[in-house]
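Notes to accompany the following structure.
Being a predicted model, the structure only gives us computed values, none of them experimental.
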Amino acid sequence: MSEIQLPQHKIDKLLEICDAHGNQPGELINVLHKAQHLFGYLPAEVQRIVADKLNIPVSKVYGVVTFYSFFTMTPKGEHPISVCMGTACYVRGAEKVLDEFKRILNINVGETTPDGKYSLSSLRCVGACGLAPVVLIGEKVFGRVVPGDVEKILKELD
């Protein structure tokens with residue numbers, strides 16, 4: 001895997017984030033949350049910087065990043081799409097909705113479209129079971145989604 005070049009101003013901000021948390025190993029998850037917000041994801045280069053600043057092994061940082069589902073090591077699209085696969089959504093057809101997003105965008109769960117516009121993921125529960133099946137696009141919630149709605153939803157984003 002080739003190294004990516006992180007912008008220096010973002011590296012400086014990341015170092016400030018670590019300093020603001022006292023460079024304490026116990027603050028790893030808080031630091032990673034802020035780092036992901038800053039970069040949009042947690043590439044290996046960011047993980048190395050955090051490990052160095054908090055004086056912990058990179059393997060520990062990597063272990064935390066891969067254990068928690070809210071952390072990602074791949075860049076998300078401009079419009080991150082998450083389909084809820086919790087019980088209520090699943091029994092009301094979320095899998096068919098997810099399949100329709102995969103078909104139209106020509107990507108699988110965990111992937112981003114080549115133009116960087118959309119990424120697709122599934123999640124367990126968003127707590128809006130009364131609106132099942134639910135799709136989150138960024139911060140916007142779409143409820144009672146059926147496969148026929150997918151194309152219209154995507155057109156709204158353009």
Side-chain angles (χ1 to χ4, degrees), residues 1-2 4 6-7 10 13-14 17 21 25-51 54 56 58-158:
M1 186 184 252
S2 62
I4 58 165
L6 301 173
K10 285 192 175 184
K13 182 70 178 147
L14 178 58
I17 290 167
H21 288 276
E27 291 292 320
L28 177 59
I29 290 177
N30 291 325
V31 169
L32 290 173
H33 272 295
K34 290 183 175 161
Q36 182 164 288
H37 184 73
L38 176 65
F39 290 94
Y41 68 119
L42 297 169
E45 294 77 6
V46 168
Q47 293 179 49
R48 278 196 290 274
I49 292 167
V50 169
L54 302 187
I56 54 177
V58 176
S59 60
K60 178 169 178 146
V61 176
Y62 177 80
V64 169
V65 169
T66 56
F67 180 80
Y68 292 103
S69 62
F70 45 80
F71 291 131
T72 181
M73 294 189 309
T74 55
K76 291 207 191 284
E78 179 186 336
H79 300 289
I81 301 166
S82 299
V83 179
C84 181
M85 298 300 276
T87 304
C89 290
Y90 188 83
V91 299
R92 291 187 184 155
E95 191 170 29
K96 288 184 175 82
V97 172
L98 181 62
D99 287 342
E100 186 66 0
F101 275 109
K102 292 186 332 193
R103 185 189 71 76
I104 291 173
L105 296 173
N106 197 28
I107 58 173
N108 288 310
V109 170
E111 295 179 346
T112 301
T113 54
D115 63 4
K117 199 162 184 185
Y118 304 100
S119 56
L120 187 60
S121 65
S122 64
L123 40 81
R124 280 284 135 231
C125 184
V126 297
C129 304
L131 298 175
V134 174
V135 173
L136 286 176
I137 301 181
E139 302 291 313
K140 189 168 184 190
V141 177
F142 295 82
R144 298 185 181 93
V145 179
V146 295
D149 296 334
V150 171
E151 207 161 332
K152 187 180 113 222
I153 290 169
L154 291 172
K155 279 191 170 86
E156 272 181 40
L157 301 173
D158 283 339

Original post:
L123 and L136: which non-hydrogen atoms are nearest, and at how many Å?
Top reply: CD2-CD1, 4.3 Å

Original post:
Listed by chain and number, what are the salt bridge (Lys or Arg N to Asp or Glu O under 4.0 Å) partners of D115, not counting sequence neighbours?
Top reply: none

Original post:
Is it true that a side-chain atom of T112 and a backbone atom of P75 form a donor plus acceptor pair closer than 3.5 Å?
Top reply: yes

**OP:** Grab the two heavy atoms, one from F71 and one from Q36, that are nearest each other, plus how far apart they are.
**Re:** CA-OE1, 3.2 Å

**OP:** Examine distances only and state if a side-chain atom of E100 and a backbone atom of G148 form a donor-acceptor pair shorter than 3.5 Å.
**Re:** no

**OP:** Determine the interplanar angle of the F70 and Y68 rings, folded into 0 to 90°, and report it as parallel if under 30°, tilted if 30 to 60°, perpendicular if over 60°.
**Re:** parallel

Subject >> Summary of side chain to side chain donor-acceptor pair (under 3.5 Å) pairs that have at least one residue in residues 117-134, sequence neighbours excluded >> reply: S82-S121, K117-D158, Y118-D158

Original post:
Which atoms form the tightest heavy-atom contact between C129 and A88, and what is the distance?
Top reply: CB-CB, 3.9 Å

Original post:
Taking only residues two or more places apart in sequence, or in another chain, which ones meet F67 in a ring pair (Phe, Tyr, Trp, His ring centres under 6.0 Å)?
Top reply: none

Original post:
Looking only at heavy atoms, which two atoms of A51 and V61 are closest? And how far apart?
Top reply: CB-CG2, 3.7 Å

Original post:
Mind checking whether M73 and V65 have side chains closer than 4.5 Å, heavy atoms only?
Top reply: yes

Original post:
Got a second to check how far L38's CG is from L32's CG, nearest 0.5 Å?
Top reply: 12.0 Å

Original post:
Under 3.5 Å, side chain of Q47 to main-chain N/O of V58, donor-acceptor pair present?
Top reply: no

Original post:
In Å and rounded to the nearest 0.5 Å, what is the CG to CG distance from L120 to L105?
Top reply: 6.5 Å

**OP:** Please assess V141 against V126 for the test side-chain contact (heavy atoms from CB on, under 4.5 Å), listing each intermediate value before the final yes or no.
**Re:** CA-CA 9 Å; V141 177; V126 297; 5.7 Å; no

Subject >> NZ/K10: more than 12 non-hydrogen atoms of other groups inside 6.0 Å >> reply: yes

Subject >> N-O pairing of K96 and D99 below 4.0 Å >> reply: no

**OP:** Please step through side-chain contact (heavy atoms from CB on, under 4.5 Å) for the pair V97 and D149, ending with a clear verdict.
**Re:** CA-CA 9 Å; V97 172; D149 296 334; over 6 Å; no

**OP:** Please confirm whether the backbone N or O of V145 pairs with a side-chain atom of R92, one donor and one acceptor, at under 3.5 Å?
**Re:** no

